[in-house]
Asks: 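One structure, pasted below without further comment.
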There are 2 protein chains.
Amino acid sequence: MARKSKKEAEQTRQQIIEAARTVFQRHGVAQSTLEQVANVAGLSRGAVYWHFRNKSELFHAMRADVLEPMIGRVDAVLFDEGYADPLDAIEAALRELFLVLDESATLRQVLEIMVLRCEQVDELVALQAEVERPGDAFLQKVERVYHRAALHGSLAAGLQPAALALDTWIFVSGLLHKLIARGFDAYLSGEVGGMIELHMRLRRRVNLSGC
Amino acid sequence: MARKSKKEAEQTRQQIIEAARTVFQRHGVAQSTLEQVANVAGLSRGAVYWHFRNKSELFHAMRADVLEPMIGRVDAVLFDEGYADPLDAIEAALRELFLVLDESATLRQVLEIMVLRCEQVDELVALQAEVERPGDAFLQKVERVYHRAALHGSLAAGLQPAALALDTWIFVSGLLHKLIARGFDAYLSGEVGGMIELHMRLRRRVNLSGC
DNA sequence: GGGTTTATACATTCAGACGTGTATGTATAA
DNA sequence: TTATACATACACGTCTGAATGTATAAACCC
């Protein structure tokens, strides 16, 4: 009824986005109504239409800037020169990735919506490209570090950096999908550390001292 | 207008399912209309409602019995006693899995719909369980074979069958998702064989003859 | 700084399109 | 003769987007 101050308006905008996360997660993006979003936010549909042109724009606003912090933190570890072995940097980066997920419930929620509760089609088709792009970038970054590992001599014999990077990327993607599908349950989450350790151990040059 | 024979009726039922695959893949399940399905099938909505109670039932009919042949063929290879090394059986089973995918365009289409073009929620929530179940079963089967490999002495040192099975399952899941996301493009499809080979090679006991 | 104006931040209302499910019609296979 | 395999028609609810209303924060003016 009454006009709010700019700060309050920005706050209601965030309320709407938060409500959208809740509603999208519960009913799926396509099945969700802007009235449901408005109700959960304690507002009217008019407020939603004031801040966003339609559901599609609200969806994109919801997922904007949730991936960047994850990517930034992982890259920081991946390219950290402090590790004696490049393989250690990759292993630490993988751990960092799932640590970020563990810390941010919002990120988990948005990822679940993007993977399970959203039909990747039509207007949201841009989404697919935006989801793929960070992945491809990650693939290339990891490949560079694997290359450094090869030069460093820490790779097991006969392993090609390109193939290893693709395999690691598949591993990360698969693990992410599995965690999301299981709702980040405690069991699988507890296994993540060990799986990363195993994944990297398989790539390391075996210690031949006992041979 | 005219009543069809039973055979013709079954044929139109298949036409509807085929049209549903086309429409669902293009627009997403939630955004698809039964009229769109009817149009693509060259029928009226009445025909669709005659054969299926609603969109949900049509969806379930569409995906019924598309996974079974895949599971059956993979299991047949996985449990084939003819392989000298259990790890060879696992590797062959993985190849068989992606060979089935390569052979059946319908299976690829349905998988794409289930993974990308469908909001896993509400009535379709049963879907998630049905997608997970074969996966869990696969996990257990692979674990048993890894166990046999351990007894057979073909596993590299320090590797636990349970962890390996989980890792292989993650690998398969990740590779599947990646292929689907890329629309089974030629590049990635060509890499599959090499990736499977790499995945299994990392688990095999290294030949110490040159040591 | 006080009064006026204006743009803002919503709430409410409305028309229209759309999709669903069912009811009805109908020619024909059984 | 009857049940089947559809096509057609209808009633209903629902969601959208825009139009309108409105109280007030903010900008402007003196």
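The basis for the numbers below is simple: all heavy atoms, side chains too, and nothing from hydrogens, waters or symmetry mates. Keep in mind the model is a prediction, meaning the values are calculated, not measured. Order of the sequence lines fixes the chain letters, A, B, ..., with proteins taken first and strands second; residue numbering starts at 1 for each chain.
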Asks: Can you see if the side chain of A/His51 gets near the phosphate of C/dC10 - specifically, an N or O under 4.0 Å from OP1 or OP2?
Replies: yes

Asks: Which pairs would a plain distance check flag for residues 79-97 of chain A, meaning a side-chain donor or acceptor within less than 3.5 Å of a matching protein atom at least two apart in sequence or in another chain?
Replies:
from    : atom 1 : to       : atom 2 : distance (Å)
A/Asp80 : OD1    : A/Gly82  : N      : 2.7
A/Asp85 : OD1    : A/Leu87  : N      : 2.8
A/Asp85 : OD1    : A/Ser154 : OG     : 2.8
A/Asp85 : OD2    : A/Ser154 : OG     : 3.4
A/Asp88 : OD1    : A/Arg204 : NH1    : 3.2
A/Asp88 : OD1    : A/Arg204 : NH2    : 3.0
A/Glu91 : OE1    : A/Arg204 : NH2    : 2.7
A/Glu91 : OE2    : A/Arg95  : NH2    : 2.9
A/Glu96 : OE2    : A/Arg73  : NE     : 2.9
A/Glu96 : OE2    : A/Arg73  : NH2    : 3.0

Asks: How many whole angstroms separate atom CG of B/Leu34 from atom C1' of C/dG21?
Replies: 10 Å

Asks: Contact class for A/Ser44 (heavy atom, under 4.0 Å): base, sugar-phosphate, or nothing?
Replies: base

Asks: Quick one: do the B/Glu18 and B/Gln14 side chains pair a donor with an acceptor below 3.5 Å?
Replies: no

Asks: In whole Å, what is the span from the NE2 atom of A/His27 to the P atom of D/dT14?
Replies: 14 Å

Asks: So, is B/Thr12 near the phosphate of D/dC6, with a side-chain N or O under 4.0 Å from OP1 or OP2?
Replies: yes

Asks: Choose from D/dG17, D/dT4, D/dA7 the nucleotide whose nearest atom is closest to any side-chain atom of B/Ala47.
Replies: D/dA7

Asks: The side chain of B/Ser5 is closest to which nucleotide in this list: D/dC6, D/dT16, C/dA29?
Replies: C/dA29

Asks: Does B/Asp136 pair with A/Arg182 as a salt bridge, N-O distance under 4.0 Å?
Replies: yes

Asks: A/Leu43 has a side chain; which of C/dG19, D/dT4, C/dC10 sits nearest to it?
Replies: C/dC10

Asks: Looking only at the side chain of A/Thr33 (C-beta and beyond, no hydrogens), which of the listed nucleotides D/dT16, C/dT20, D/dC6 gets closest?
Replies: D/dT16

Asks: Are a donor atom and an acceptor atom from the side chains of A/Ser5 and A/Glu8 found within less than 3.5 Å of each other?
Replies: yes

Asks: Starting the side chain at C-beta, find the nucleotide from C/dA30, C/dA11, C/dA9 nearest to B/Lys6.
Replies: C/dA30

Asks: What is the distance, to the nearest angstrom, from the CG atom on B/Asn39 to the C1' atom on C/dG19?
Replies: 13 Å

Asks: Figure out the CD/C1' separation between A/Gln11 and D/dA25, and round it to whole Å.
Replies: 16 Å

Asks: In whole Å, what is the span from the CG atom of A/Leu58 to the P atom of D/dT16?
Replies: 11 Å

Asks: Can you figure out which of D/dA5, C/dC10, C/dT22 approaches the side chain of B/Lys4 most closely?
Replies: D/dA5

Asks: Starting from the 5' end of DNA chain C, give me the residue, B/Arg45 or B/Glu8, whose nearest nucleotide shows up first.
Replies: B/Arg45

Asks: Taking pairing as Watson-Crick or G-U wobble with both contacts under 3.5 Å, can you name the mate of D/dT14, or confirm there isn't one?
Replies: C/dA17

Asks: How close or far is atom C1' of C/dA11 from atom CD of A/Gln15, stated in whole angstroms?
Replies: 15 Å

Asks: Tell me the partner of C/dA30, counting only Watson-Crick (N1-N3 plus N6-O4 or O6-N4) or G-U wobble (N1-O2 and O6-N3) with both under 3.5 Å; none if nothing fits.
Replies: D/dT1

Asks: Take the protein atom CD1 of A/Ile16 and the nucleotide atom C1' of C/dA9, then report the distance between them rounded to whole Å.
Replies: 10 Å

Asks: Please give, in whole Å, the distance from D/dA25 P to A/Lys7 NZ?
Replies: 15 Å

Asks: Would A/Gln25 and A/Arg117 count as having a side-chain donor-acceptor pair, cut-off 3.5 Å?
Replies: no

